[in-house]
Amino acid sequence: MPELWQFTKLIRSKNAGPFELTFDIMFKDRDSFERVLASGALSVETIAEIYRTNPDQVRFFRIDKLLAVKITIPRRVFSGDLKDTDIYGGQFHGPLVQLQVAV
Amino acid sequence: MLTQKLKAVAATGNLSTGFREETLIRAVKDGAHFVGCDAGTTDSGPYYLGSGKPRGPREGVKRNLRLILREALNAGIPVIVGTAGHAGGRPHLEWTVDIVRELAKENDWHFKLAAIDSEVEKEVLAQALDRGEIAPLSPTPRLQREDILQAKRFVAMMGIEPIQRALQSGAQIVIAGRCSDVAIYAALPVLQGIPKAVAFHAGKILECGAASAAQRLYPDCMSAELDQDGFTVEPPNPALRCTPQSVAAHTLYETGDPYLLVESGGTLNTVEAKFEAASDRAVRVSGSRFLPSAEYTVRIEGAALVGYRAIVVAGIRDPLVLRQLDSFLSNLRTVIERKVEDSLKLAANQYTLTFRVYGRDGSMGDAEPIGKVEGHEVGLIIDVVASSQAVAADIIPIASHTGLHTPIPEHDGLISNFAYPFSPGGIDAGPVYQFCANHVWRLNDPCMPFKMSLCDL
């Protein structure tokens, strides 16, 4: 099954301040953007499941004019707290790269 | 009087990372009205705010400030530096002002300097909390009176008004403590009559320097020309170019919401912003709106000391250990806790012992969906945080020696499970802080918490 990275030109995660994580997904072209979103692979529910957070805490933005999706979730562990593993939040996008997309 | 056109130059995205000298010279010569530079962020964690230590290198910051001051003084235009010394606390501000004074002396430069202190005394903040002026954002750590008094340091994040006050006082060089990145670039244009919608959106694009270019080859300057209806952003370095896509995409960067940017005094709304090519390297941005807020608030940041860290790094390569790694580490923890109790008289709840396993879930912790070892080796960091550096350093050899010789059923006799790359193995990692506030402070006067000092150099 195709993976998300095959449809995108950028998948990244980053802190949006020390208490939130934000994911930016930029698609290669309109066709890839439409197909992935129509497949349902990338949704509030899948993000909530992967990152084990409550769906009503997932902010999901479809940005048509940029062929982009932006997703913001609260950090389970705040940046710099004792159990934090990623101060900048720069590697939390890892599981999204290989997200299975049924197109 | 309304200014027709106003040119803002961002020297770079962070004062410590630098820019090309020739780019800054070109950008200022091209009619800049001021040069701004952000010098900090919370991205690198709570250490800098907590410890009061700036993030250098000092020589690099001095080089960059020297070039910025030289070009701006030659052109007779202001310089605005925000979030001095990385965290914008009082020691960070003093560190940066000290560099500016040194440069003025070395180069026989003369100007009026404003330093804006954004550190908030704990008692002042506690009183504001008592008066109900402090409100939590979400998600947030607990912040009650005793948390404030036990924390190490707080800063308030200034909006445009304290910078405007410094400029109106005649300061040519403004060094600000904790400051909104956007305010660095919006303060002067708004003072000159540029609408907030234009000035704040331009600020958001400029604050990372050349990062809004299509391909940022290295850290460098960015310029924007602002007018009543919008702004045109164009990299002063001819090797870089902005495209409508690259500038629009930058509007997303590091913000939780792609359309709404909450700033002190109001919210920038970019839902209807238009990004159009003005040339093959320049982009025209228009159509944003600014919605003033009913109340004026500033963000509060704080850091509290939580202990002192010591670590040891090890590799594990034995496939038999790896296939039972979770139970192996669980047994190891039990034995370490027992030995620490016996030899140091410390219960397990008096320190924090964390096994960070690279090759299992080192990067994502318990958010890791795979969460098991799939490779032929793992990297392990044994991470101890205790009440003093000496205690943390005492626990490390107990943990590392125990780990080395913890048995597994498949091997008879004494084994050595861990590959330690260093001697000594233990590394003192120093004090550990945590962010202890994600709050806003409601103000009647936007300048109230910010103490400005002026001097003629």
Side-chain angles (χ1 to χ4, degrees), chain A residues 9-10 12-27 46-54 56-96 98-99, chain B residues 41-50 137-141 244-260 270-275 299 301 303 306-307 309 352-354 356-358 361-370 381 383 385 432-438:
Chain A
K9 53 182 188 179
L10 172 69
R12 72 181 168 202
S13 65
K14 188 79 200 279
N15 291 348
F19 308 99
E20 287 188 316
L21 275 177
T22 193
F23 300 90
D24 295 340
I25 300 159
M26 315 284 282
F27 288 84
T46 51
I47 294 296
E49 191 188 329
I50 294 168
Y51 294 99
R52 283 184 256 157
T53 189
N54 197 327
D56 60 21
Q57 293 194 301
V58 177
R59 290 192 282 158
F60 189 101
F61 303 94
R62 172 187 167 129
I63 308 161
D64 282 76
K65 67 181 171 191
L66 286 177
L67 304 178
V69 167
K70 185 175 189 66
I71 301 153
T72 303
I73 59 173
R75 284 183 72 119
R76 293 159 61 87
V77 181
F78 298 155
S79 171
D81 277 8
L82 282 186
K83 298 289 179 185
D84 188 25
T85 52
D86 186 355
I87 301 284
Y88 292 76
Q91 282 294 303
F92 279 92
H93 66 286
L96 293 183
Q98 291 182 302
L99 189 72
Chain B
T41 174
T42 55
D43 262 356
S44 31
Y47 174 79
Y48 301 94
L49 181 60
L137 300 171
S138 175
T140 196
Q245 182 85 4
S246 75
V247 175
H250 190 69
T251 308
L252 304 185
Y253 190 58
E254 290 180 336
T255 62
D257 187 306
Y259 301 120
L260 300 177
T270 61
V271 169
E272 287 167 34
K274 280 192 299 196
F275 301 85
R299 192 180 279 264
E301 291 168 355
V306 291
R309 171 173 280 134
T352 305
L353 171 67
T354 309
R356 298 174 179 271
V357 182
Y358 291 87
D361 56 5
S363 300
M364 289 183 60
D366 67 0
E368 171 59 62
I370 295 175
I381 295 177
D383 170 9
V385 176
V432 181
Y433 300 87
Q434 68 180 18
F435 286 118
C436 64
N438 186 25

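Chain letters run A, B, ... following the sequence lines, proteins first, then strands; residues in each count from 1.
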Engaged part of A:Asn15 at the chain B interface, taking heavy atoms whose separation is under 4.5 Å = both

Going by heavy atoms in the side chains, are A:Thr85 and B:Ser363 under 4.5 Å from each other?
-> no

Can a salt bridge be assigned to the pair A:Arg75 and A:Asp84 using a cut-off of 4.0 Å between side-chain N and carboxylate O?
-> yes

With only heavy atoms counted, which part of B:Thr255 is less than 4.5 Å from chain A, the side chain, the backbone, both or neither?
-> both

Taking C-beta and beyond as the side chain, do A:Leu99 and A:Ile50 meet within less than 4.5 Å on heavy atoms?
-> yes

Portion of B:Arg299 that has a non-hydrogen atom of chain A nearer than 4.5 angstrom | neither

With chain A, which of B:Ala303, B:Gly45, B:Ala367 has the greatest number of heavy-atom pairs at distances under 4.5 Å?
-> B:Ala367

Given B:Pro258, B:Gly365, B:Gly307, the one with more heavy-atom pairs under 4.5 angstrom with chain A than any other is B:Pro258

Ion pair B:Asp43/A:Lys14, N-O distance below 4.0 Å | yes

In terms of heavy-atom proximity below 4.5 Å to chain A, should B:Glu368 be classed as side chain, backbone, both, or neither?
-> backbone

Rounded distance (nearest 0.5 Å) linking atom OG1 of A:Thr53 with atom CD1 of A:Ile73 = 6.0 Å

Best-contacting candidate, B:Ile370, B:Leu252, B:Thr41, B:Thr354, against chain A by heavy atom pairs under 4.5 angstrom | B:Leu252

Segment of A:Phe61 engaging chain B (4.5 angstrom heavy-atom cut-off) = side chain

Under 4.5 Å heavy-atom distance to chain B, tell me which part of A:Thr22 shows up: side chain, backbone, both or neither.
-> side chain

When you measure from the side chain of A:Ser13 to the backbone N and O of A:His93, does any donor-acceptor pair fall under 3.5 Å?
-> yes

Does A:Gly17 offer a backbone N or O that forms a donor-acceptor pair with the side chain of B:Thr42 under 3.5 Å?
-> no

Chain B contacts, top residue of A:Asp81, A:Ile71, A:Asp86, A:Val77 (heavy-atom pairs, under 4.5 Å) | A:Asp81

Where on A:Phe92 is there a heavy atom nearer than 4.5 Å to chain B: the side chain, the backbone, both, or neither?
-> both

Quick one: pull up CZ in A:Arg59 and NZ in A:Lys70 and give me the separation to the nearest 0.5 Å.
-> 9.0 Å

Which class fits the ring pair A:Phe19 and A:Phe78: parallel under 30°, tilted 30 to 60°, perpendicular over 60°?
-> perpendicular

Side chain, backbone, both or neither: which part of B:Pro244 has an atom under 4.5 Å from a heavy atom of chain A?
-> neither

Structural part of B:Tyr253 lying under 4.5 Å from a heavy atom of chain A | both

